[in-house]
Every structure is written in C-alpha cells, then in structure tokens.
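Computed from heavy atoms alone, side chains included, the values below leave out hydrogens, waters and symmetry copies.
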Amino acid sequence: MRIGIDLLWVREGICGGTESYIRNLLDGFAAYGMGHEYVLFAAKDHARSFLKYTQAAHMHLQVCRVKSANRVKRILWENRYLDAAAARRCIDVMLVPVYSKPAARVSSIPYVSVIHDFQALHYPEYFSPVKRYFLQYSWKRTMRTSAGLVTISEDVKKDLAWYFPSAKAKAVTIYNPVVTKRSGIPAEVIERRYGIRRMEYFYCVSSMLPHKNLDTVLSVIQGMAGACLVISGVGKEKDLQRKLHACRMEEKVVLTGFVPGKVRDCLYENCRLFLFPSVFEGFGMPPVEAMRRGKRVVMTRCASLEEVTQGRAVYVEDPYSVAEWKEKIRYALALPEEKIPFPEYELREIIRQYTSLFSRLARKKERKENGRRQAKQASQLQIYEQIYDIVSENYQKAGKQLDYEKRAFLCSIGAHPRVVDVSGCTGLSNAEFYQAVHTAVYHRLPEREEYEKWSAFFGMEPSAFQRKLLKKLSASSVAAVNRIRLVRHPYFCQHTGVWYRALGVLYGLTDKPTLRQIGKKLPVAVQKIARKVFL
C-alpha cells in the first residue's frame, strides 16, 4: 500500500504542537511502517527539513512547486493540484494532518483528515471574519468528503459530534504520538544562555494566545518570592515583554521564544515544576512530555487535558484563581519526582492504529471499485446478450444460422486486446472454448475450413483439448507479433522472450498485408527498387 502525506502546510518553527505531532508521526512511519510505502508531499522552501526521512527505503519525498511561506498561494495550489499529484504517484490512501483537504478531485483516492481542535468555533474573536468563514467552509467540506477522520482526543471527538453530527460515524480517536528523548545537553548550557539555575525555575511551553491563560500564571509568579518562570513559545512575544516590563518582572520571567527540540528537552530535564495553565487544548503534549521525565505538573482540567494526562497531574479547579494556583504549586513542590510512561502514546502503538485505519479504507475502496466494476460488467453482458438474441433472431428469420455460439460470444466482451484471461472460458464446451479463445487471440471467428479441422478434436477430454488449443494459439505468429499473453490457465507457461518475439516477426513477414504495411513506411525510392526486384 502506498500512503501519501500532505506536508505543504508545515512552516518551520511556527506551527507549534502540530509540527511536533507530524514530525513525531513521520519518525514512527520511518521506524515502524516498513510494510508500506510513504510519499511525503513537501513545499520547496522546507523540503530540506524532511530529507532525513528518505534515509528509510520505504519513505520518498515529492517536492511540490509551491512555497509554504506564501499561505494564499499554498492553499490555492493544494486545493487545485495536490489530488492530481497524488494520483500520478499512485497513492492508495492520502493523509492530511490538518483540515485542508483538496477541493479539486480527479481521483478516487480515500482521504484521512486529522482534526486537532475547533478553536475558531470556541474562540471566534481570535480570527478575522474572512478566516472564520474559510475555516468553517474547509471543515464542512472535509467532514463531507473525507473517507476517514482522526480526532486526537475524545474531547475533540465530542466537539465534532456536536458541530458536525453527520460526520460522527467517520471519526476515530487516535492520540498524538509523544516522543521523549534525552537532550544530551549539560545543564550549564541553559544556565549560561538564560541566566537560570538548575532545579530552581518553573517551566512552561505555550503560545501567547489568550486561552493559554499566561496572565494568571504571571500573577502567581509575581506574588511568589524567589520564583522564576521560563516560557518557550511563539506568538505576541513583544506584547508580553512590554507587560513584564510594566510589572517589573523581567528578572522573574524568561522568554526563550522558539527553541530547538534538544534545548527544549534540556529545559524540561532541569526544571523544578512544569506549569500548564491553558484552558483549551485538543491534546496538549507538553504535560505528557514533562511527566515522562518525572516532573510534577500543575495544570487545569479543561478540555482534553485531564483525559490526556489520565488524572496523574496536580490540577487546579478554577483556572483563573491565583490563590489556588499558589496552593497547588506549594503542594506539588512537596511531592517527589515520578516518571509516568504513558505507553498509549508510544510511536509503535500510534503507527499501528494509523496503518490499520489506512488498510481498512484501502480495502473498502477496493471492494467499492470491484462492486462497480462487476455491476458495469453485468450491465454490459445484459446489453450484449440482448444484441446476440436480436442478431440470432434476424438470422433465423432470414433462414440462416448464426455460427457464433452465445456463451463464446459473451466470454469475449470487454476483453483486453493483448491479454486473454482463459479462466473465464474453461467452463465452456470444447466447441465453445475453441470459438471464444480463437476470437480473443485473432479478433475474428475461425474460418469454416479451420473450424472443421479442429472439430475433429471436440470429442477429447476438455483439459487435454484446452491444452492442445492453447499451445497452438500461444505459439502462433499473431500472438508473437502482437505480444498477446494467455493468462490464468494451469497448462503451461507461455514463451514471451525476445527470441520468441523475433520468430513471431519473421513468421509475420510471410503475411502479405504485413509486407504491404512495412513497404508503405519505406522511402519512395526504396519502394520503387523493391517493386522492380520482387514484382
């Protein structure tokens, strides 16, 4: 099975948790997806960052002629050309890790769209009217046309069922993969870089959006003597810096901005507590990453957070209560460190669930196409059966007999001109089998003299007769010259090599029409000489 993955939307260092999710997933496909092939559709301005995945033999990179940095052009290109690009690469299932499924469809490829959250419906004030309209349009189209939907938590699945009830049957929950690695960086590095001390700071990974609730935590830190908070994230950092300056908190709060994975891991490893004040998350990987490293986490119960952390963190009941935050932080400081493995988020398990979904959709597509094909063939057979009956009746009215047997005629309907599938004819009588196979190879009924010659063998045992006839036809010049293959029969293996084809060409040269066709392609001067010599 060949699986396509849309990566055009990735903007390095900007997409936050969604980028971490897809890169973790790609690591999993590279390590545990060897039974399938993966084609990564990347934009030309970030394709280099995905080159490492092509070190695995089953991972391939397709660089598309668009830049992810230009969002308008990227969205237009994705909607107009991505499906056609996937069809050219013979993709069986297409994974779109965000809700930006192409609108233009030239293929029947089943799409799997991943739903991370419905932020624009919960917090419409974050988005312009144009963007809200676009997101709602994209969601509706994605829900309607995707073959499968992945929600990253049960909480997101509940939202989907509430806002788009008709799409509920397509949805399955597969948690985000969470990869925890040792940073390999000494604590002294981050101490010098950020002016902090190991095990004497609180850590938070968050964007600067209002629902991340950073203002509450800043008020908590401001009122705690000796407290230091390090925040890693992107967004309106300048606004937050002005706020810190106005509150005279520059020395108590360190803003790192976007940090590479190893630096972030080092900050996790050396913090005293991890704080996560967010009141809305589709999944929320940072608390899980911290808890896997043994760090105590103080956070809210909002949205999916309690579900994802499985009730193992220290929770505040009122996300906006500064007093409660201080109380829970003091409580967490008194607890010993405890590593929580969270096996549900291991790469191997998540990849197993994704590949199982892909296989199920591919089989469903195959069954649907087979059903359509069979229905079409049945419809064709009914039409040709009626044609045969009409022609046969007209022959009878004219006092003649139609020599073409009905079952032999129907066996030839829809046959490939160069591939003769013998299995559909083996149930016929010897006379009908002769007509059907002869017509399939020669594309004409056998002449009377030739038919009478073979009729002497019609009394043979069917398998012996079929072997004799098929050997004769497979060795004929017509089969050799036209490269006709006889398939799905148990009698022998047909010769199809270069030598066989060369002999077929030589045999074919004895046919006058063939000579005339070759002669017409020769230069006029050569044709004149040939006429003088041979004629």
Side-chain angles (χ1 to χ4, degrees), residues 9-29 97-98 114-119 150-157 159 173-183 202-209 211-214 217 230-235 256 258-269 271 273-315 339-351 353-354:
W9 53 274
V10 176
R11 289 176 294 152
E12 289 184 84
I14 297 176
C15 296
T18 314
E19 183 179 356
S20 297
Y21 149 78
I22 192 57
R23 291 191 184 275
N24 286 350
L25 202 62
L26 293 176
D27 287 334
F29 287 136
V98 289
V114 182
I115 310 299
H116 294 270
D117 59 49
F118 293 98
Q119 191 180 102
V150 173
T151 54
I152 61 174
S153 66
E154 288 296 331
D155 186 76
V156 175
K157 191 174 182 180
D159 270 359
T173 296
I174 302 178
Y175 289 121
N176 283 351
V178 182
V179 178
T180 308
K181 300 176 182 177
R182 294 289 301 173
S183 67
F202 303 148
Y203 189 40
C204 178
V205 176
S206 172
S207 69
M208 309 301 162
L209 290 171
H211 73 269
K212 296 295 185 177
N213 194 27
L214 288 177
V217 171
V230 178
I231 303 175
S232 294
V234 294
T256 69
F258 172 79
V259 292
K262 289 186 177 181
V263 175
R264 184 194 61 208
D265 293 340
C266 187
L267 288 165
Y268 273 125
E269 292 164 359
C271 72
L273 286 180
F274 185 81
L275 308 182
F276 203 66
S278 177
V279 296
F280 178 78
E281 295 290 332
F283 184 84
M285 287 193 287
V288 176
E289 293 172 333
M291 294 167 77
R292 275 190 169 172
R293 292 177 169 87
K295 301 302 176 180
R296 290 294 179 177
V297 175
V298 184
M299 61 188 296
T300 70
R301 296 183 185 273
C302 300
S304 65
L305 291 173
E306 187 174 11
E307 172 197 344
V308 170
T309 53
Q310 300 175 7
R312 307 293 289 275
V314 177
Y315 301 98
K339 288 187 178 181
I340 302 174
F342 292 111
E344 300 85 353
Y345 311 137
E346 291 286 350
L347 269 180
R348 186 188 294 272
E349 172 59 20
I350 301 302
I351 296 306
Q353 293 179 45
Y354 268 100

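Atom CD1 of Ile350 sits about 7.5 Å away from atom CD1 of Ile174, to the nearest 0.5 Å. Note that CD of Glu154 is 3.5 Å distant from OG1 of Thr173, once rounded to the nearest 0.5 Å.
Closest approach of Pro277 to Cys204, counting heavy atoms only: CD-SG, 4.0 Å. Heavy-atom minimum distance, Thr300 versus Val279: OG1-CA, 4.4 Å. Taking all atoms of both residues into account, the shortest heavy-atom contact from Thr256 to Ser232 is OG1-OG, 2.8 Å. Of all non-hydrogen atoms in Met299 and Pro287, the two that sit nearest each other are CE-CG, 3.9 Å. Contact between Met291 and Arg312 at its shortest, heavy atoms only, is CE-CB, 3.4 Å. Closest approach of Glu269 to Lys295, counting heavy atoms only: O-NZ, 3.0 Å.
Not counting sequence neighbours, Asp27 has no partner by the side chain to side chain donor-acceptor pair (under 3.5 Å) test. By the side chain to side chain contact (heavy atoms under 4.5 Å, CB included) test, Arg348 is found to be paired with Tyr32, residues two or more places apart in sequence or in another chain being considered. Arg296 pairs by the salt bridge (charged side-chain N to carboxylate O under 4.0 Å, His left out) definition with Glu338, not counting sequence neighbours. Applying the ring pair (Phe, Tyr, Trp, His ring centres under 6.0 Å) test to His211 and every residue at least two apart in sequence or in another chain returns Tyr123, Tyr126, Phe280. Considering only residues two or more places apart in sequence or on other chains, Glu289 meets the salt bridge (charged side-chain N to carboxylate O under 4.0 Å, His left out) condition with none of them. Legend: residues meeting salt bridge (charged side-chain N to carboxylate O under 4.0 Å, His left out) with Lys157, ordered by chain and number and at least two apart, are absent.
At a threshold of 4.5 Å between non-hydrogen side-chain atoms, the residues Ile152 and Val114 count as touching. At a threshold of 4.5 Å between non-hydrogen side-chain atoms, the residues Asn24 and Asn176 do not count as touching. Within the 4.5 Å cutoff, side-chain heavy atoms of Arg264 are placed close to those of Ser20. The side-chain heavy atoms of Asp265 and Arg293, taken from C-beta on, include a pair separated by under 4.5 Å. Between Trp9 and Pro97 the shortest side-chain heavy-atom distance falls below 4.5 Å. Side-chain contact between Leu209 and Gln119 is present, with heavy atoms from C-beta onward closer than 4.5 Å. Looking only at side-chain heavy atoms (C-beta outward), Val297 and Thr309 stay at 4.5 Å or farther from each other. Looking at Met208 and Leu214, their side chains come closer than 4.5 Å, going by heavy atoms from C-beta outward.
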As a quick check of understanding, evaluate side-chain hydrogen bond (donor to acceptor under 3.5 Å, both in side chains) for Tyr268 and Thr180, giving each step before the final call. CA-CA 10 Å; Tyr268 273 125; Thr180 308; over 6 Å; no

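Of the listed residues (Val298, Val205, Ile231), just one forms a side-chain contact (heavy atoms from CB on, under 4.5 Å) with Leu275, and that residue is Val298.
Between Phe283 and Tyr345, the distance separating the two ring centers is shorter than 6.0 angstrom.
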